[in-house]
Amino acid sequence: MTLKAVKGFKDILPEEARKRQRIEETARQIFEGCGLEEIRTPILERTEVFARGIGEHTDIVEKEMYTFEDRNGQLLTLRPEATAGILRAVIEHKLYNKSPLLKLYTVGPMFRHERPQKGRLRQFHQLNVEYIGSSSPLADAEVVFLAYEIVSKFADQDDLILEMNSLGCPKCRPLHRKDLVLFLKNNVEDFCEDCQRRAGLNPLRVFDCKNEECQAVLKFAPVIKHYICPECAIHMGKVLDALEAFEIPFVQNAYLVRGLDYYKRTTFELKARGLGAQSTVAAGGRYDGLSSLLGGPDLPGVGMAVGVERLLLLMKEELAPRRADLFIAALGDEARTEALYWIGYLRRQGLKVEYSLEDKSLKAQMKQADKAGARYCLIVGEREMDEEEAILRDMKTKEQEGIDLDDLPEILVEKIKSQGDE
RNA sequence: GUGGGCGUAGCUCAGUUGGUUAGAGCGUCGGGUUGUGGCCCCGGAGGCCGAGGGUUCAAGUCCCUCCGCUCACCCCA
């Protein structure tokens, strides 16, 4: 029995790692360009951080967290999402005293013990953004903007759909919730088993049900939109106006809800065709009460997460093959030793130089040069050593020229670097 | 946790009504004269046919159990 990775945990092999590098590079560029700063918090937190932050009765906390006791009997959890940990760090280090608005991003693995399927792993990765300290609807719009910008860099815009909704606030939400619960109670018979269960735990969730009969009944259910207080309505209006100004297309979905308790007001999901059942590639919303829930000051906040694995699924473009600037094919011990000196020098000059670790035939070395995508191949054997002139072959044009051994590295640097600028 | 689909070389897959040494393409390595890559040609390596039982003279092929992968429910990024 060979050893295998744990279920839902995947090895990221070189080809995929390169794609992820591209995604992260692009994201960082966009984040930094918008004035965000990176924060990195631990993957492990005290269970409390998530239990209080995410909500005791959410599925995540109830049955999906990797929670265990360490050697001292302390309850720890592998983070299932990023926001709670970041808030914990912001509060712990009183970062809010340094600036009234913190614009933070982080990239890294999250862990949830769910059954794996397309676009869903137990260890998965997110690009995360948090705007902490601002109640402005523009903060909400910025966060949506960032999600949209990143995703649309890798996905066809026609395949994307941005859904917006407002969940209301502690003032107006309870009214809706009360009426909704009442409605569900009065119509219990018409709902599927799942919905009947949801009604007790997280009533908003029934709106997510895929059952057609449930959806038919839900047409008559109280919708948040009609309960929202003037403040929330104005906030929502400003967010949507800003999105229009940003030229980001969206639709309003009155049934859009969130799985985490801490969300208030703005909530959104960016969905994509071609992802399978897990169609959400990015999502987020406002979480004004979270900071105080975690024992910090009453800081407003809004954030979002992009699912990296899902983005990977959408990423169609093939990566450019790797390219070496130069491959050095050396024949014989003397040439080889000299070649090593050149290789060290050239690499320190920033050139991508490869060569064969094994003592192979010239033909085999040329093949290797080809596989490395080398633009040039330098050939040096006994003959060249005697004549004090190595052969430089342009792999594309097949043209060859002699290079004087005396100041060979300098000549190569100049030649290859000037080529690269063209 | 509940369903469906699938497990044969590194990868994608063939494998006839059960029948002898399990195949192909791609990849990989080597060769096609003395020191020159890609294309082409030739050759090599590489499989407890997911595991364990059973039926049979005979199992990759049939039956059972388990394991794994996968898609969907659920939930969510």
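Letters A, B, ... are given to chains in the order of the sequence lines, protein chains preceding strands, and every chain is numbered from 1.
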With a 4.0 Å cut-off on heavy atoms, is [X] in touch with a base, just the backbone sugar-phosphate, or nothing at all?
X        : result
A/Glu358 : nothing
A/Gly284 : nothing
A/Ala282 : sugar-phosphate
A/Lys10  : sugar-phosphate
A/Glu64  : sugar-phosphate
A/Leu311 : nothing
A/Leu378 : nothing

| How about A/Glu414: does its CD atom have over 12 heavy atoms from other parts shown lying under 6.0 Å from it? | no
| query | So does A/Asp333 have more than 12 non-hydrogen atoms from other groups sitting under 6.0 Å from CG? | reply | no
Pick the [atom1] atom in [N] and in [M], then give their distance to the nearest Å.
N     : M     : atom1 : result
B/G25 : B/A45 : P     : 15 Å
B/G68 : B/G23 : P     : 32 Å
B/U20 : B/A58 : P     : 15 Å
B/U12 : B/U17 : C1'   : 28 Å
B/G37 : B/G46 : P     : 28 Å
B/C26 : B/G7  : P     : 24 Å
B/C49 : B/U61 : C1'   : 10 Å
B/A24 : B/G15 : C1'   : 11 Å

| request: Kindly say whether, by distance alone, the side chain of A/Lys363 makes a donor-acceptor pair under 3.5 Å with the base of B/G30? | output: no
Under 3.5 Å on both distances, the Watson-Crick or G-U partner of [N]:
N     : answer
B/C74 : none
B/C49 : none
B/G35 : none
B/G10 : B/C26

| message | Parallel, tilted or perpendicular, judged at 30° and 60°: which one describes the rings of A/His113 and A/Tyr66? | response | tilted
Between [atom2] on [N] and [atom1] on [X], what's the gap in Å once rounded to a whole number?
X        : N     : atom1 : atom2 : answer
A/Lys398 : B/G38 : NZ    : P     : 9 Å
A/Gln278 : B/A72 : CD    : P     : 7 Å
A/Phe268 : B/C76 : CZ    : C1'   : 14 Å
A/Lys118 : B/C69 : NZ    : P     : 18 Å
A/Phe111 : B/A77 : CZ    : C1'   : 14 Å
A/Met110 : B/C75 : CE    : P     : 22 Å
A/Glu309 : B/C76 : CD    : P     : 18 Å
A/Ile391 : B/G35 : CD1   : P     : 13 Å

| A/Lys4 side-chain proximity, nearest of B/C69, B/G68, B/A77 | B/G68
| Closest nucleotide among B/G30, B/G37, B/C75 to the A/Ala364 side chain | B/G30
Taking only side-chain nitrogens and oxygens of [X], does any of them come within less than 4.0 Å of OP1 or OP2 of [N]?
X        : N     : result
A/Gln365 : B/U36 : no
A/Lys367 : B/C39 : no
A/Lys371 : B/U28 : yes
A/Gln117 : B/A72 : yes
A/Lys63  : B/G1  : no

| field | Min side-chain heavy-atom separation A/Arg46-A/Thr77 under 4.5 Å | value | no
| message | Heavy-atom nearest nucleotide on RNA chain B for A/Leu275 versus A/Arg383: which residue maps closer to 5'? | response | A/Arg383
| query | Which sits closer to the 5' end of RNA chain B, A/Ala374 or A/Arg115, going by the nucleotide each is nearest to? | reply | A/Arg115
| message | For a quick check under 3.5 Å, do A/Glu142 and A/Tyr131 share a side-chain donor-acceptor pair by atom type? | response | yes
| Could you go step by step and tell me if A/Arg28 and A/Glu38 meet the salt bridge (charged side-chain N to carboxylate O under 4.0 Å, His left out) rule? | CA-CA 9 Å; A/Arg28 277 175 203 282; A/Glu38 184 179 11; 3.0 Å; yes
| Where is the tightest heavy-atom contact between A/Leu104 and A/Ile39, given as atom of each residue plus distance? | CB-CG2, 3.9 Å
| said: If you compare all heavy atoms of A/Gly303 against all heavy atoms of A/Phe268, which two are closest, and at what distance to 0.1 Å? | reply: O-CE2, 4.2 Å
